[in-house]
Amino acid sequence: MGSTSGENHGSTGVGRRDLIKRSAALGLAGVPAMSLLSACASGGGGGDSDEGDVKGDVSKANPFGAKKGSKLDVVVFKGGYGDDYAKAWEADFAKKLGITSSHTGTQEITGKLQPRFNAGNPPDIVDDSGAQQIKIDVLYRNDSLLDLSEVLDAPSVDDPGKKVRDTLIPGTLDPGVQEGKVVALNYIYTVWGLWYSGKLFKEKGWEEPRTWDDFLAVCKDAKKQGIGGLAHQGKYPYYINVAIMDLIAKKGGIDAVKAIDNLDPKAFAGSDAARAAIEAIYEVVEKGLLMPGTNGLTHTESQTRWNQYKAAFITSGSWLENEQLKQTPADFDMKFLPMPLLSGSEMPFEAIRAGSGEPFIIPRKAGNLPGAKEFMRRMLSKEWSTLFAKEANSLTILKDGVDPGVKLRPGTQSTVEASKAAGSHTFRYLYPEWYSEMDTAIQNASNELMAKRIQPKEWLKRCQAAVDKQAKDPASKKNRHE
């Protein structure tokens with residue numbers, strides 16, 4: 001969450017994802033629908049603020065008329081990526097446009113922002129991520145979000161002959177779409193999968209597993225040596241769903257992904273891929289190959305034990321390295337691994353779940369809409385993308401958006417290499433952004449399975465029930481994963 005991490009999250013301290021989604025996505029878990037948001041007033045999509053005090057002259061270089069001397073209210077989830085990058089952006093914004101910013105870095109997004117949304121005085125731009133994210137679908141249903149098409153159709157800062165949207169990595173806008181409108185900009189390019197220590201693998205003579213049988217073999221050898229096989233962030237089942245849902249996708253192909261996103265009546269209960277995936281994960285549980293105690297740990301607790309070489313593998317998104325900087329030994333050599341293949345998988349080993357996390361939004365009732373839109377346009381410039389990479393050790397959704405002189409840390413560099421190896425073999429589920437209640441139900445089922453309170457057959461039944469319930473909502477017909 002997406003990303004996204006703090007709890008730290010991201011993608012997660014109450015770190016990146018204490019309830020965990022940075023995304024956002026990279027994105028995220030378990031926050032109940034925000035009923036209080038029903039107090040949000042509705043209105044048109046162009047924003048209701050009085051722009052008289054914040055509207056300047058429109059020009060080619062200033063397409064929204066951001067006004068010198070105006071102020072911008074910026075709130076950023078301070079998770080795995082920190083918030084130094086946003087402070088660097090704000091300093092540059094003040095220098096170049098004469099617009100100063102009030103800056104809030106926090107993990108308590110819902111606590112700080114829900115009352116402001118309800119009162120009709122939200123910030124101007126928000127990184128709505130982490131465990132306490134206000135769910136994007138909830139904000140959208142309450143008519144609280146600006147349609148970002150005006151920003152995306154504006155001239156690029158770097159090449160005014162191109163629209164902003166044409167400078168982005170294909171597919172990265174998809175998670176921010178609600179009913180055909182882009183209402184959230186998932187800014188960080190995120191990959192999800194397994195992680196391991198290059199140092200530990202070298203010491204133990206383990207090879208990077210490409211098949212599920214090879215993965216189990218490493219886990220079994222680790223157990224013999226007093227090391228856990230797989231760690232997961234037990235209190236936040238978002239993370240074990242990285243493994244479960246990746247296995248479904250790679251086994252069943254993109255049709256299995258679309259079946260779930262499109263609420264197919266056989267998305268889980270009639271899916272051979274889903275059955276094979278959940279049985280594979282349950283084998284890890286049954287054979288005692290989980291890191292002891294992992295089911296009761298938060299994401300940061302589990303990740304820290306993994307950093308202490310108490311487990312061979314852990315599931316996460318690519319915010320993990322940033323989230324664990326203080327806990328990671330200097331010679332740990334963090335590495336990313338695509339999910340190993342079940343037999344008969346339709347996708348190749350190199351295939352990865354990849355896309356955008358960490359959703360940035362502009363509230364429809366923002367007080368300085370011209371400034372907010374210009375700020376977001378500049379986020380999608382090479383200068384600000386590079387500032388982000390320097391401060392947050394992560395890539396953005398801007399194509400070739402990071403100066404080659406920026407040196408990335410080992411884990412992030414390994415995700416760059418994995419992305420290149422994957423090529424066009426990437427996939428991304430959209431149901432967490434579209435249907436947060438369904439996402440939570442699937443996570444809850446996974447939590448029960450990992451604790452051996454239910455069996456794979458019951459997991460499939462519960463997940464299908466969540467799909468079927470969502471499919472009864474007429475609004476779900478407006479979303480379609482093509």
Side-chain angles (χ1 to χ4, degrees), residues 1-13 15-17 21-26 66 70-109 112-113 116 122-130 132-134 146 148 151 157 176 184-190 318-319 322-323 325 356-363 366-369 371-398 401-403 406 412:
M1 193 181 164
S3 122
T4 166
S5 289
E7 281 140 287
N8 130 34
H9 239 224
S11 126
T12 267
R16 168 145 175 106
R17 299 168 134 129
K21 343 244 148 306
R22 181 178 242 136
S23 104
L26 105 171
S70 66
K71 297 192 182 308
L72 201 67
D73 186 345
V74 181
V75 176
V76 172
F77 172 71
K78 190 174 181 179
Y81 304 107
D83 64 344
D84 287 346
Y85 69 87
K87 292 176 181 176
W89 288 348
E90 291 157 18
D92 189 68
F93 205 55
K95 178 181 175 184
K96 290 194 171 79
L97 279 85
I99 299 174
T100 56
S101 301
S102 69
H103 174 93
T104 302
T106 181
Q107 292 181 10
E108 311 206 5
I109 296 294
K112 289 188 181 296
L113 296 191
R116 294 189 60 184
D124 297 312
I125 191 162
V126 181
D127 170 14
D128 179 26
S129 194
Q132 298 184 46
Q133 172 201 46
I134 304 178
L146 188 73
L148 300 178
V151 177
V157 173
L185 180 80
N186 284 39
Y187 184 71
I188 299 170
Y189 191 73
T190 303
S318 49
W319 59 82
N322 298 309
E323 189 162 75
L325 280 180
S356 50
E358 213 75 9
F360 282 76
I361 58 173
I362 297 177
N368 188 353
L369 280 173
K373 287 185 275 193
E374 181 60 20
F375 191 89
M376 183 172 280
R377 187 176 80 105
R378 287 173 184 261
M379 284 170 56
L380 297 166
S381 67
K382 289 191 176 181
E383 183 178 13
W384 281 26
S385 179
T386 296
L387 278 175
F388 180 85
K390 284 179 178 176
E391 298 291 346
N393 179 46
S394 292
L395 306 179
T396 75
I397 61 171
L398 191 67
V402 177
D403 188 283
V406 176
T412 300

Can you see which heavy atom on [X] is nearest to which on [Y], and at what distance?
X: E374; Y: L97; answer: CG-CD2, 3.7 Å
X: A86; Y: H103; answer: CB-CE1, 3.9 Å
X: L369; Y: P363; answer: CD2-O, 3.8 Å
X: L72; Y: A372; answer: CD1-N, 3.5 Å
X: Q132; Y: E108; answer: OE1-CA, 3.9 Å
X: I125; Y: M379; answer: CD1-SD, 4.1 Å

Evaluate V75 against K112 for side chain to side chain contact (heavy atoms under 4.5 Å, CB included), listing each step before the verdict.
CA-CA 10 Å; V75 176; K112 289 188 181 296; over 6 Å; no
I need the [X] [atom1] to [Y] [atom2] distance, nearest 0.5 Å.
X: L387; Y: D84; atom1: CG; atom2: CG; answer: 11.5 Å
X: T190; Y: I397; atom1: OG1; atom2: CD1; answer: 10.0 Å
X: T104; Y: D83; atom1: OG1; atom2: CG; answer: 9.5 Å
X: E391; Y: T386; atom1: CD; atom2: OG1; answer: 11.5 Å

[X]: partners by side-chain hydrogen bond (donor to acceptor under 3.5 Å, both in side chains), with sequence neighbours left out:
X: K71; value: T100
X: W384; value: D92
X: N393; value: E321, N322, T412

For V151 and L185, run side chain to side chain contact (heavy atoms under 4.5 Å, CB included): C-alpha distance rounded to whole Å, both residues' side-chain angles, the deciding distance at 0.1 Å, then the answer.
CA-CA 10 Å; V151 177; L185 180 80; over 6 Å; no
Within the distance-only criterion (no hydrogens, no angle test), does the side chain of [X] pair as donor or acceptor with the backbone N or O of [Y] below 3.5 angstrom?
X: Q133; Y: D128; result: yes
X: D124; Y: G367; result: yes
X: S394; Y: A392; result: yes

Please test L398 against K382 for side chain to side chain contact (heavy atoms under 4.5 Å, CB included), starting from the C-alpha separation and ending with a verdict.
CA-CA 8 Å; L398 191 67; K382 289 191 176 181; 3.9 Å; yes
Below 4.5 Å, heavy atoms only, C-beta onward: do R116 and D73 meet side chain to side chain?
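Heavy-atom side-chain distance check passes, below 4.5 Å.
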Salt bridge between E90 and K87, side-chain N to carboxylate O under 4.0 Å?
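No, no charged N to carboxylate O under 4.0 Å.
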Name of the residue among Y85, F388, F77 meeting ring pair (Phe, Tyr, Trp, His ring centres under 6.0 Å) with Y187:
F388
